[in-house]
Amino acid sequence: MAPVEHDALAVREQLFHERVRECIICALLFASLYILCHFIVTHFKKQTDFAAVHDDEDAAVNRIALGMCTFTLAVALGAVLLLPFSIISNEVLLSFPHNYYIQWLNGSLIHGLWNLVFLFSNMSLVFLMPFAYFFTESEGFAGSKKGIMARVYETSVVLLLLTLLVLGMVWVASAIVGNNAASRQSLYDLWEYYLPYLYSCISLFGVLLLLLCTPFGLSTMFTVTGKLLVKPRLLEDLDEQLSCTRFEEAAVSRRIASGKASCWLNLNVGLLREQLLAIQSKRRKLELRHRASPWQRNLGYPLAMLGLLALTGISVLIVCFHVLELLLDDAAMPRGIQDAPLGQVSFSIFGTFGAALQVILIFYLMLSSVVGFYSSPLFTRLLPEKQDTPLTKIIGNCVSLLVLSSALPVFSRTLGITRFDLLGDFGRFNWLGNFYIVFLYNMGFAALTTLCLVKKVTWAVQEELLRAFGLHKLPLPVPRSRPLGERC
């Protein structure tokens, strides 16, 4: 064999082995995520929906829909880990550029993961989740033979009609936005115009949802942390408060159990019982704080609040700095690239420390957006319950989490949290090149987050000062119902 042919064969063999290795790594990563998400979904699903005691057909339909939900949740978790995994991989390659055992961690693998997450997220959002919902609600066409295939036929027809409806709406919207010959000509191209336009609309909706949920979630996390941890109090004697609360509880209990025939007692037994429950709740909270160690009471809560305050403040500062960059440099705009230059330069000016901070901020913003989503009045009904969540609510949760997580890379790059450019089709969204949308988005996030932060911290400090000096016990002034000079 000639040397040239031998070299070409060696190159093809190397490319083949690299492709097989990437497929194996992607399969192992997705299998791990799928197993983890299966335990999560089975932890919340309602057991009666999946019991095969009454109807084997319904149980099989529910199991198929459950598998689709697990797949969608695994894709959502993969979208959350996508950007942190890419940033960490770049820093590892920078730290160990010639290590033989990490040569598999290359730009081709990262680019493949981005493409797979984009493909699976859109497939789950456009096809799997609507199919799972219609599949569980279907019964088969009238007059047809009952069975799973009858439900499949009905679901396929309904999904086809829904697809035609969505494509028609996209066609009308695109015709309104771009009324020229080139735009009208592109309306007949499904793969190059319809689907990217539809993906842009979905991504824009997800990024706007993240913008609204994240500041609200940051405020909620401060409140939840204050409830879960034991808060230190200034100028207070826990022993005295606990003793007074126990005496008050005993007095109210004796008043209820005495059974004296008094007009006041007979008319207010219900009010006394409510008062007793409130006193007992207060006593349990005081006992919990009394049992807490001084380190837990005086160090745990301040450190947790300072950590939340620092992460939120750093996020706002990064976004404000990114706003200045947008005004001065066009390179600060989010953009997409087709090749991932990993291992060449760090994506943070602070090196490894900055990259680690970026990963922490990405997870923190995602957690706050999920907390804000489930705390908002519009979506609080979607909050899953342990072993008591019906299948339709599981489908709604999977769709919501997929929309939030698939928009996280675009969200992080648009705000300037990271300098890692969007790979694959994530950078093809039409609105990413619009300066006004990106600029107003950054300004909105900075303004909303700063407002929530200042409001939450100011109210917390004011409440603690009022409680410390006992001013919260003062009676509120009663407004006068008539002027001073007017007689009764």
*Thr42 side chain to Phe39 main-chain N or O, any donor-acceptor pair under 3.5 Å?*
yes
*Could you check whether the rings of Phe420 and Trp114 sit parallel, tilted or perpendicular, using 30° and 60° as the cut-offs?*
parallel
*Can you tell me how far the CG atom of Leu311 sits from the CZ atom of Phe363, to the nearest 0.5 Å?*
13.0 Å
_Below 30° counts as parallel, above 60° as perpendicular, anything between as tilted: where do the rings of Phe30 and Tyr34 land?_
tilted
*Check the pair Glu91 / Ser346 against side-chain hydrogen bond (donor to acceptor under 3.5 Å, both in side chains), numbers first and verdict last.*
CA-CA 7 Å; Glu91 296 301 322; Ser346 179; 2.8 Å; yes
*Reported CG-to-CD1 distance for the pair Leu113 and Ile25, which is rounded to 0.5 angstrom*: 8.5 Å
*Can we say Arg151 and Glu154 salt-bridge, meaning some charged N sits less than 4.0 Å from an Asp/Glu carboxylate O?*
no
*asked:* Let me confirm one number: the CG-CD1 distance from Leu105 to Ile110, rounded to the nearest 0.5 Å.
replied: 5.5 Å
*Taking the six-membered ring for Trp, are Tyr101 and Phe96 ring centroids under 6.0 Å apart?*
no
_Heavy-atom pair with the smallest gap, counting every atom of Arg419 and Phe321_ = NH2-CE2, 4.3 Å
*Say whether, by atom type as modelled, one donor and one acceptor occur between the side chain of Thr449 and the main chain of Ala446 under 3.5 angstrom.*
no
_Between Phe120 and Phe71, is the ring pair (Phe, Tyr, Trp, His ring centres under 6.0 Å) condition met? List the steps._
CA-CA 9 Å; Phe120 289 158; Phe71 180 86; 5.5 Å; yes
*Between CG on residue Leu81 and CG on residue Leu77, distance to nearest 0.5 Å*: 4.5 Å
_Donor-acceptor under 3.5 Å (Glu137 side chain, Thr392 main chain)_ = no
*Give a yes or no on whether the backbone of Val438 and the side-chain of Asn442 come within a donor-acceptor separation of less than 3.5 Å.*
yes
*Return yes if some donor-acceptor pair links the side-chain N/O of Ser376 with the main-chain N/O of Phe373 below 3.5 Å, else return no.*
yes
*Which heavy atom in His322 sits nearest to a heavy atom in Thr414, and how many Å separate them?*
CE1-O, 3.0 Å
